[in-house]
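First comes the structure, then the notes that go with it.
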Amino acid sequence: MKKSFNKRPVAYVLLSLFVLTLLYVPACDITDPTEGIKVILNTKERTSTVSMVFRDAHTNEPVGFNGETTVHVTVNGPDSDKVIDLLNREKTSFQAAKGFLSFALLDEVVPDEQNPLQITVVARADGYITTSVPITINQEKATPVDVIMVNASNPPKGVTGNVNESIGEADNQGNTASDIYFETDSDQTTNSRASFRIRENSRITTADGQPLRGELRSSYHLFNSRDSESLQSFPGGFSVQVEDAPNGSDRVFFTTGGFTSVEISDENGNRARNFDPPIEVSIELDSEVRDHQNQEVQAGNTVPIWSYDDETGTWTFEGDAEVVQGDNGNLEVNFEASHLSWWNIDWFGDACYEGVRVNLIGNNSQLRGRLLRADNGAFLGWAASRQLPGVPNFIQFLWAPRDVPGILELYDMNENLVTTVDLPQLCSEVPVDVTLGTTSEITVTFRGRGVCDGSDVEVRPSFPAYYRPASGGQWVSAGTVSEGEISITLPSQGNYFFGAYYEDDWYDYLLDLTTAEDGQLYEEIIDLPDHICDDL
């Protein structure tokens, strides 16, 4: 049932956001078709956009949403030269506003499954461990991406360590005067620890070869291999780009035995990169850890050791290490690290570019999928549902593990478990249909246009948008406002926040949709202020 309301308060708030605050765009980025004597100025809809939310691993809230923390974002990778902001300016450095970021690709670039684009997003924020995520863009419209960031002082379950701890000193040539030893506390879930030893007379230098001097301070953490909160903080996810893999692959799927992040700096803020001789690293293993073939790990087994470049999102094979029996009863892995980075104990297997597609029949609202291994319950990753023209709402993991059985848990926007789906072959080419019909869903459409007093000009904006239930749950991508209009399927009536990132700023408003009906249209005409009208 279609209903149109003018000057309704609920619509006015949203459409004021979608029209008034986001209208100031360069004239070169506006199309100018005419209808009789009326001029319609449609702000340019970008062909392909990326809608990102940077989430705190412990609170699950956008980083800086309720504070002053800013996420600084750099886009690297083979196709980074095709990245633009929403106003069509070539740009690869951004500041996420309240934990949100939207950017686009050049309009003439049309990615598809045969010609996907590859970029890597590097995220830094004060007090957070630097991380990055590789992104594959294989379709037009909005690509939603979540980036999980760990607050070093308030880490999630399964992460233990220390922040800015004084560990020793270096002389003017960067040499340590004595052995330096530091270790994490035992993890509460797995009773595992990580320890680090820098030998006497080790020379410590920055990435460009400058020696560290004076007091040395370190922030270091161990991520266990069992808790989902720890595993979802793995930089870039477990489907990874690799260099020098033993099997010759350039992309694999990891099964981790635990991983660490270590940073060391001197009293002048210079960050350590290289060590001569190398640091000695020891990581204790969870007693329940399994390798990629789901086999029990025993003393005498070998495991690959990998280091991570957060600028490129690439893991490099550093060699194999032996699993040994530790002094305190735990199995452990010992190796040497000549440079600082993320370090990871990881078995690996092949990955397929497109995992099995799960069609969500009868449900068009936003769902999130949590993927687990069926044979041991290990966490594999998250994915959001997608909608494309002419196909049902669906969830599909890219670069899924081959020959691994899975279980998909489906969650609604309020983080309630909807159902579970058995996926015996995660790389199957045969789609899996799941019937999720619901009578509570409603689809509402917002349509807005800005006008100037005494003029025949109308302005209709285009930009990515986000929303979440006011009662809780996660912010998710709402898709794209296209020429002043967007239709959103909500799981039910209620109060919802709607928001948008634009020009390093964040806008959001609370809307009361408790009496909204399916198919309802909210339409609004906004009188634009003189300073905007004068520039049109």
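We count residues from 1, following the sequence as given. A quick note: this is a predicted structure, and the numbers were derived from the prediction, not measured. Because only heavy atoms are used, hydrogens play no part in the values below, and waters and symmetry mates are left out as well, while side chains stay in.
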For the side chain of [X] and the backbone of [Y], is there at least one donor-acceptor N/O pair under 3.5 Å apart?
X	Y	value
Asn274	Gly209	no
Glu332	Leu285	no
Thr176	Asn201	yes
Asp187	Thr190	yes

Does Asp266 have any salt bridge (charged side-chain N to carboxylate O under 4.0 Å, His left out) partners at least two apart in sequence or in another chain, and if so, which?
-> none
Report yes if some heavy atom in the side chain of Phe54 is under 4.5 Å from a heavy atom in the side chain of Pro62; otherwise report no.
-> no
Is Ile407 close to Leu371 at the side-chain level, that is, under 4.5 Å between some pair of heavy atoms?
-> no
Working for side-chain hydrogen bond (donor to acceptor under 3.5 Å, both in side chains), residues Tyr411 and Asn414 = CA-CA 8 Å; Tyr411 292 85; Asn414 290 305; over 6 Å; no
[Y] and [X] aromatic ring geometry - parallel, tilted or perpendicular at 30°/60° bounds:
X	Y	value
Phe65	Trp475	tilted
Phe259	Phe223	parallel
Phe335	Trp343	tilted
Phe238	Phe253	tilted

Flag for Glu318-Ser307: side-chain donor and acceptor within less than 3.5 Å | yes
